[in-house]
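Note that this is a predicted model, so its numbers are computed, not measured. Quick note on labels: first sequence line is chain A, next is B, and so on, each numbered from 1.
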There are 2 protein chains.
Amino acid sequence: MLSHKAKYALKALLYLAEQDENHISRTVEIAEGANIPKKFLEQILLDLKRGRFVSSKQGKFGGYYLIKSKNDITLAEIHRLFDGAIALLPCASLNFYEPCADCKTESECSLRHGLMLIRDKTLKAMEGITIASLVNK
Amino acid sequence: MLSHKAKYALKALLYLAEQDENHISRTVEIAEGANIPKKFLEQILLDLKRGRFVSSKQGKFGGYYLIKSKNDITLAEIHRLFDGAIALLPCASLNFYEPCADCKTESECSLRHGLMLIRDKTLKAMEGITIASLVNK
DNA sequence: CTAATTCCTAGTAAATCGATAGAATTAATA
DNA sequence: TATTAATTCTATCGATTTACTAGGAATTAG
């Protein structure tokens, strides 16, 4: 399941994607438009900025805007940024790989193969969903 | 990600599936064979019993055994039993559906459609992984 | 200088997770 | 019937995570 943070991030990106080119959105505007707690959204937007999805203008009349094409922002990326691995166990993960502590006696974790198959299918599906594909749906 | 509980459940089922027909496995035997904390495993086996995957014989010489074919126990079922919904949000879930609280002003949650596509793909993949398919991998 | 905004750090209440403790119940068998 | 060995049940616990909130510092336009 997605965390609220990831869900709010997606809704915020969706909001930004619906604005006119060159429009800068204040946090409070996004919060009201997408129904997200404002102070919580602040943190989320900072995370999105660190992840190079959005950029900001500080000071009066400042705000946030997309710096990545809405066609290139996928659900997989947002999931990884806020909720981490897409695989069901770390030993089956591409970006968050860790060996299982409780599998050291076995040559390899017995679940790993199956979970990697699932990861591949899920990842492919998540990479197919972009912000652009969600706008106006 | 899978909880430890779900992971341990899968490993316990795998252990049971590898035993001879009619063999009854004590909790401590499964715990040692699959490297799972014994007291924690007790709870998990009770959950698996309530879910009709295993049954038990009480008292001396008691223990647990599969009552569902290893070909018919899928990762999707175990996920649902221990970790709940497979979909990324409740509004996109088949078995754990709930409307989003923060989407009531919109006719429908803007994320829902995309998340349902992902759910379908993931679910299909998870239904393809059975205990039998994991044995000796 | 002032107002409006982002940026940063802490804190917090509630829930969840991973596990442990201990006693009750059940069944085999000597 | 007493003993032993197993499941079953309920409660609790500490640590972590989650979903926020609070308060102020830094930045910028006018």
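- Contact annotation: A/Arg26 side-chain N/O to C/dA3 OP1/OP2 distance is not under 4.0 Å.
- Using a 4.5 Å cut-off on side-chain heavy atoms (C-beta onward), A/Leu14 and B/Leu111 make contact.
- What separates CG of B/Leu45 from C1' of D/dT8 is a distance of 12 Å, to the nearest Å.
- Distance CZ (A/Phe61) to C1' (C/dT2): 12 Å, rounded to an integer number of Å.
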From CA spacing to verdict: side-chain contact (heavy atoms from CB on, under 4.5 Å), A/Tyr15, A/Glu29
CA-CA 10 Å; A/Tyr15 180 91; A/Glu29 179 189 330; 3.1 Å; yes

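- Straight-line distance from the CZ atom of A/Phe40 to the C1' atom of C/dA10: 15 Å, rounded to whole Å.
- Nucleotide C/dT16 holds its P atom 17 Å from the CZ atom of B/Phe82, rounded to whole Å.
- Looking at heavy atoms from C-beta onward, A/Met116 lies in side-chain contact with A/Arg119 at the 4.5 angstrom threshold.
- B/Lys39 contributes no side-chain N or O that forms a donor-acceptor pair with the base of C/dG18 under 3.5 Å.
- Both A/Lys38 and A/Gly59 sit near DNA chain D, but only A/Lys38 has its closest nucleotide nearer the 5' end.
- Under 4.0 angstrom from either OP1 or OP2 of C/dT6 there lies no side-chain N or O belonging to A/Ser56.
- Under 3.5 Å, the side chain of B/Lys7 and the base of C/dG18 form no donor-acceptor pair of N or O atoms.
- Atom CD in B/Gln43 sits about 13 Å away from atom C1' in D/dC13, given to the nearest Å.
- Applying the 4.0 Å criterion to OP1 and OP2 of C/dG18, one finds that B/Tyr8 has every side-chain N and O outside that range.
- Across all their heavy atoms, B/Ile67 and B/Ser55 have their closest contact at CG2-CB, 3.4 Å.
- A close approach under 4.0 Å does not occur between any side-chain nitrogen or oxygen of B/Tyr64 and OP1 or OP2 of D/dA6.
- Between A/Lys5 and A/Lys57, the residue anchored closer to the 5' end of DNA chain D is A/Lys5, taking for each the nucleotide with the nearest heavy atom.
- A/Arg50 has no side-chain polar atom (N or O) that falls below the 4.0 Å cut-off from OP1 or OP2 of C/dT6.
- Rounding to whole angstrom units, CD1 of residue A/Ile44 and P of C/dC8 are separated by 16 Å.
- Atom CE of B/Met1 and atom C1' of C/dG18 are 15 Å apart (whole Å).
- Contact between the side-chain N/O atoms of B/His4 and the OP1/OP2 oxygens of C/dC17 is not found at any separation under 4.0 Å.
- Judged purely by atom type and a 3.5 angstrom limit, A/Ser133 has no side-chain atom pairing as donor or acceptor with the backbone of A/Ile129.
- Between B/Ser3 and C/dC17, a side-chain N or O to OP1/OP2 separation shorter than 4.0 Å is absent.
- Rounded to an integer number of Å, the gap from A/Leu46 CG to D/dG24 P is 19 Å.
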